[in-house]
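Reviewing the structure listed below.
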Amino acid sequence: MSKILDVRSYTEEVLRAAQALRDPAAQEVVRDAEAKIAEAAAVVRAGGIVAFPTETVYGLGADAFSEPALKKIYAAKGRPSDNPSIVHIARASDLGLLAREYTPGVVKLADAFWPGPLTIIVEKRAEVPAAVSGRLSTVGVRLPDDPVALALIRMAGTPVAAPSANLSGRPSPTRAADVIADLDGKADVILAGADSRIGIESTVVDMTATPPQILRPGYLSAADLAAGLDAEVVLDPALLAETGEPKGDGSPFGSLTPRSPGMKYRHYAPKAEMVVLEGDRDRVEREALRLKALNERIGRRVGVLLFEASDFTGAAHDFYARLRDLDASGVDLILAGALPQENDLGFSVMNRMMKAAGYHVIRV
Ligand code: TXA
Ligand code: MG
């Protein structure tokens, strides 16, 4: 059993209210939640592992400088040890604890997008343990935009390394209940907060590359980053290969190996078989219904996953939660409608959807 601490009330609104004079109710709520977060922070300091909310997805965190604590995370998730973890900080100046050096471009990005859904890859200091960075000479750093996450990191007094708080290979958790389903009994503490506001993981940008390269697409697009940097930002070519035709060996990459190690594993996958239907929206809907009926006739339970036509933020917010709900409903097959990838957020959601479906696509 993990210790589950409810911190849903620790929101920006209640923090603001508590700062105003004469709101003792809000102050009481804040004191109560901060006592719980302090308890979780003490567990981090003592080498334990703590699941916590962020604005992207929930993370499973440990002291980034404790090799044994990091090993506990990998064991709890069943995660391959060559897949590096993102390190979370609570103030931008703490980047210096992790980065050996950083360019003016890094400062520009941090100024423009932190706190927020951006992970910046920089050359790491020697003190950053290999368990954080795999065999790489770099480390990914993020300043999240979530009051519980920030309070936890601040109170822990150390950067917090945290991959997403799911069992390896499963859809990322965007709700406390999803974290509990995967990690109860494995994490020492689960901070149960609100649903993640964004719903897909941070954009990972490699600032050691010239020009800077996006290794994992996320809520922030290449165009967003280019605007913040006032310079060109490109996509890792492997990302484009991924969403194209699978190559002969069934691998979508062909000779392109993704530079973000985590991108090469089967990922985000529901238990059910999953197929992506791609094409004109009306045709996708008709084909989904036809395939559903066909499969039901042979006794298979079928779930259909379609998002509102142009609501990309809604699709990002709901994607992982819908996969988990469909799994919980016991379907054998999920038929998912592709989103248009010309839209940047559509592209980011499709990056997850294609992986979840093991690149199984039907063009309709
Ligand atoms: O939004 C997020 O980023 C969430 C929350 C918890 O912050 N975290 C997250 O972590 O998604 P994780 O471990 O599930 O994904 C981290 C991704 C992996 O694909 C990993 O390979 C890549 O970032 N990554 C981490 N450090 C890297 C590095 N130094 N170089 C290249 N890729 C790196
Ligand atoms: Mg993950």
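Read the numbers this way: they start at 1 and go in the same order the structure lists the ligands and their atoms.
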[X], portion touching ligand 1 at heavy-atom distance under 4.0 Å:
X    : result
K124 : neither
K77  : neither
T138 : both

request  = Report, as a single number, the protein N, O or S atoms less than 2.8 Å from the Mg ion (ligand 2).
outcome  = 1

Could you tell me, atom by atom, which parts of ligand 1 come under 4.0 Å of a heavy atom of [X]?
X    : result
E201 : 1 (O), 2 (C), 11 (O)
P163 : 10 (O), 12 (P), 13 (O)
S202 : 1 (O), 2 (C), 3 (O)

Pairs of nitrogen or oxygen atoms closer than 3.5 Å, one from [X] and one from ligand 1: do any exist?
X    : result
T54  : no
R79  : yes
R142 : yes

query = Between R16 and E12, is the closest basic N to carboxylate O distance under 4.0 Å?
reply = no

query = With no hydrogens and no angle check, is any side-chain donor or acceptor of K108 less than 3.5 Å from a backbone partner on G228?
reply = no

key: CD1 on I153 to NE2 on H88, rounded to 0.5 Å   = 6.5 Å

message = Just to check, does H88 reach to within less than 4.0 Å of ligand 1 when the distance is taken from its heavy atoms?
response = yes

Option whose closest heavy atom lies nearest to atom 4 (C) of ligand 1, chosen from V57, I73, L215, V160 = V57

